[in-house]
Amino acid sequence: PNLPFAGIVGEAPLTATGCVQAQLTAAHLEKALEENSRPLVVTSPSLRCVQTAKIVANRLQADLYAEPGLADWPSAATKVHVDLPTVASAPIWDQPVLEET
């Protein structure tokens, strides 16, 4: 499918930090892959996800597929309650986000 490199209106592009993180992740995955494997990278069509996946797919020489079902669709979103695991006494998402990635 065509990948939305222009993104959705209002989406922020991947930051320099995010690019470095994607490159480091790709390097780690490359070491973990078995020889002669044919990896497939599946991503949300959101701009930063596609940009991240493209970095990983290029490094792994993998096929890249944007799956529309992985996108956030706020206008059609339905709230679902899910009990998430905790780490110590705080939920795992309670750690502060110090930097945009």
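When all heavy atoms of C49 and S44 are compared, the closest pair comes out as CB-O, 3.6 Å. Annotation for E11 and S46: closest pair OE2-CB, 3.2 Å, computed over non-hydrogen atoms. Of all heavy-atom pairs between V41 and A62, the closest is CG2-CB, 3.9 Å. When all heavy atoms of L64 and A53 are compared, the pair lying nearest together is CD1-CB, 3.5 Å.
The salt bridge (Lys or Arg N to Asp or Glu O under 4.0 Å) pairs that include a residue from residues 14-32 are E30-R59, where partners are two or more places apart or lie in different chains.
Taking CD of Q21 as the reference point, atom OG1 of T15 lies at 7.0 Å (rounded to 0.5 Å). Atom-to-atom distance recorded for L60:CG and I55:CD1 is 11.5 Å, nearest 0.5 angstrom. The distance from atom CG of L33 to atom CD of Q61, rounded to the nearest 0.5 Å, is 10.5 Å.
Take D63 and apply the side chain to side chain donor-acceptor pair (under 3.5 Å) test, not counting sequence neighbours, and it matches R38. Annotation: side chain to side chain contact (heavy atoms under 4.5 Å, CB included) contacts of V20 (sequence neighbours excluded): L24.
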(message) side chain to side chain contact (heavy atoms under 4.5 Å, CB included) for T52 and T43? Distances and angles first, verdict last.
(response) CA-CA 9 Å; T52 301; T43 183; over 6 Å; no

